[in-house]
Amino acid sequence: MATDYDAPRKSEDDSESIEALKERVPDTRSGSGDVEDADNPTGFELPGADLSDVELDVVVLPAQQDEFTCMSCFLVKHRSQLDHEDASGPICKECAA
């Protein structure tokens, strides 16, 4: 006997209503669930929050011998990205294109 694998399969689970399925699946969109954010243990920050009391420690390194600053995009690039130098200074390949 040949089996038609493309035919839709009918089972007892197909007869369940959408309401019954919704009851079994927890609502992941609600904010009432236990949400624990390891990166932000104090809660969620709203956009535009006052961060004036936050201090950031950043180490700025000067350009290395194998780097240059493009005078068009002002990004520090590796010497392999140098396209040409004009009167204003070095220009990278991306800006020269």
Side-chain angles (χ1 to χ4, degrees):
M1 175 176 180
T3 304
D4 184 8
Y5 291 105
D6 294 328
R9 295 186 180 127
K10 304 243 180 202
S11 67
E12 296 172 9
D13 292 338
D14 291 341
S15 62
E16 259 187 297
S17 67
I18 189 73
E19 288 80 18
L21 292 174
K22 285 182 181 177
E23 289 175 6
R24 287 195 295 162
V25 178
D27 188 9
T28 58
R29 292 176 290 174
S30 71
S32 63
D34 292 335
V35 178
E36 186 173 321
D37 190 1
D39 294 336
N40 193 2
T42 60
F44 295 107
E45 290 285 334
L46 296 176
D50 182 23
L51 300 176
S52 60
D53 61 336
V54 177
E55 292 185 25
L56 299 176
D57 294 329
V58 178
V59 178
V60 178
L61 298 175
Q64 303 297 307
Q65 290 180 346
D66 61 345
E67 296 175 333
F68 70 97
T69 302
C70 176
M71 291 294 117
S72 180
C73 64
F74 301 105
L75 294 176
V76 177
K77 305 257 184 163
H78 190 265
R79 284 275 174 205
S80 63
Q81 295 294 313
L82 179 65
D83 186 70
H84 69 278
E85 289 196 39
D86 59 9
S88 63
I91 305 294
C92 70
K93 291 180 181 180
E94 291 178 1
C95 293

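Hydrogens, waters and symmetry mates are skipped; everything else that's a heavy atom, side chains included, is used.
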Quiz item: Are more than 12 heavy atoms from other residues, nucleotides or ligands located less than 6.0 Å from atom CD of Glu85?
Solution: yes

Quiz item: For Pro90 and Leu82, which heavy atoms make the closest approach, and how far apart are they?
Solution: CB-CD1, 3.6 Å

Quiz item: Do you know the tightest heavy-atom contact between Gly89 and Met71?
Solution: CA-CG, 3.7 Å

Quiz item: Would you find more than 12 non-hydrogen atoms of other residues, nucleotides or ligands less than 6.0 Å from Asp57 atom CG?
Solution: no

Quiz prompt | Taking every non-hydrogen atom, the tightest pair across Glu67 and Arg79 | solution = O-NH2, 3.7 Å

Exercise. Using atom types as modelled and distance alone, determine if a side-chain donor or acceptor of Gln64 lies under 3.5 Å from a backbone N or O of Pro62.
Key: yes

Quiz item: Say you draw a straight line from SG of Cys92 to NE2 of His78; how long is it, rounded to the nearest 0.5 Å?
Solution: 14.0 Å

